Student: 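After the structure tokens below, expect a handful of questions from me.
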Amino acid sequence: MADAVTSDALPPVTVNILTGFLGSGKTSLLKRLLAQPDLKDSAVLINEFGEIGIDHFLIEEVDEDVVLLKSGCICCTIRGDLKEALLDLDQRRAAGRVPAFGRLILETTGLADPAPIVATLVADPALRHHFRIGNIVTVVDAVNGARNLDAHPESVRQAAVADRLILSKTDLADAETVDLVERRLAALNPTADIIRLDESRTPDVSLFTGDIHDAGARRDEVARWLVSETVEQHHHHGRPDVSRHGDVRAFLLASPTPLDWARFGLWLSMLLNRHGTEVLRIKGLLSIRGVDSPVVVQGVQHLIHKPVHLDAWPDGVAGTRIVVIAQGLDPALVRRSFKAFVDPPAGHQTT
Amino acid sequence: MNTMCGLCGTFGTADHWTDGLGEGAALSPSAERRRRASVANEVLGHYGLKLTEWANRFTLTGRTGKSAVVDRFGAIWTEAERLTGRTCDPLDPAVIEAMEARQRAGGHG
């Protein structure tokens, strides 16, 4: 089936949010990424040039806020607020005043909650047609990661919304500590791929490139979410040490029979209207009545991507499975509500 | 001028994310809206509200006749809360019980 995402004349720029707590190694990761020719069609939006030390990557200064780097990518600073920076960059791209770029890597400050950034990109009428959200990459350092998760809610939220979790500084922590942080991250966000990285390794650009918008990577991406089912079972059957994240929990909603899309849409809209700030991430593969292919639905807080289709069930098993990562919601109550709203009335199974 | 509701925001289009999928996709746009309204009314009835398909959009009406135009499916709940002054929470046990009772009754409870 055709992709449900409509295409404009100019393809939208994919925005990758790169986040991570203070001192997690975001800037170090970005520095290594900037040197890679594979990112030549990218723009990087950072807070200040000084933080990243771009001098030895620099080819040309386009103007005060924009520089061209040896790798071919352009690096820009955020002057004023994010929306203005994005609009400005988009206008320069349209006018040919900066090299055309198809990807934008946006580095957040260490204390940022990525969800409002997503909201800025999606809710603003001037931005939403020019940008789309790609992978959210969160850096967690192996040395201080567990302490940050315990002490700072921002750190938990950053990890919860991630599509890729980079476990950094793995060479500076002992194996047991690294394993523990990794297990905690897997419990907190079972849908994200966790990649261990130390200073000696160059991160792969597929961190950013392989996402749900890429029809070729989509099946593998969704297959990764489905592994979450086994992770949730760990919550129930042991390892209580890894599931302490305040009141953030990952849980699964499942239905073996095809759903009525109107009922599902009504329920999720109602849930997100009231609890959108508590639903940190939702990723689901749905079986919908009247639709012959699996439907992928995902979102961040109250913002839902336009659904897309898969050609086939990644694991060969048909049936709805939705992973929800939420703060302060009782999984049993959400499951009961889902069933009460989405299951058809008795005797109406085939309407 | 329309105010963009965050809930209606989707990545790439101005439509609501629920548009154009499922069994309703095979219906005419107005028939699809009528079908959606019928499904929504199973829940909205709990709040004394009724959704009706009207001129490419919906109207939401309360028992006292107070009503609002709803452009997009995703805006139903903000309007419902505004009209009734109540929160519409799908995790409210009373609402869940009402929906469960309705299911048991075959959609007519």
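Computed from a prediction, not measured in an experiment: that's the story for all the values here.
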Student: Checking side-chain contact (heavy atoms from CB on, under 4.5 Å) against A/S337, which of B/L91, B/D89, B/D92 comes through?
Tutor: B/L91
Student: So A/F341 and B/V95, do their side chains get closer than 4.5 Å, heavy atoms only?
Tutor: yes
Student: When rounded to the nearest 0.5 angstrom, what distance separates CZ in A/R274 from OG1 in B/T87?
Tutor: 5.0 Å
Student: For B/Q103 and A/K339, run side chain to side chain contact (heavy atoms under 4.5 Å, CB included): C-alpha distance rounded to whole Å, both residues' side-chain angles, the deciding distance at 0.1 Å, then the answer.
Tutor: CA-CA 10 Å; B/Q103 273 179 352; A/K339 199 169 161 45; 5.6 Å; no
Student: State, with a plain yes or no, whether a side-chain heavy atom of A/L266 is found less than 4.5 Å away from one of B/W77.
Tutor: yes
Student: Start with the C-alpha distance between A/R336 and B/E97, add both sets of side-chain angles, then the distance that settles side chain to side chain contact (heavy atoms under 4.5 Å, CB included), and finish with yes or no.
Tutor: CA-CA 10 Å; A/R336 190 178 153 205; B/E97 277 162 29; 3.4 Å; yes
Student: Can you tell which of A/L329, A/L271, A/L259 has the highest number of heavy-atom pairs within less than 4.5 Å of chain B?
Tutor: A/L271
Student: In terms of heavy-atom pairs under 4.5 Å with chain B, which of A/A119, A/G276, A/P258, A/A340 leads?
Tutor: A/A340
Student: If you define the side chain from C-beta out and look only at heavy atoms, does anything of B/I96 sit under 4.5 Å from A/L333?
Tutor: yes
Student: Give the minimum heavy-atom separation between A/A262 and B/R36, together with the two atoms involved.
Tutor: CB-CG, 4.3 Å
Student: Taking the side chain as C-beta and beyond, is there a heavy-atom pair between A/D260 and B/R35 under 4.5 Å?
Tutor: yes
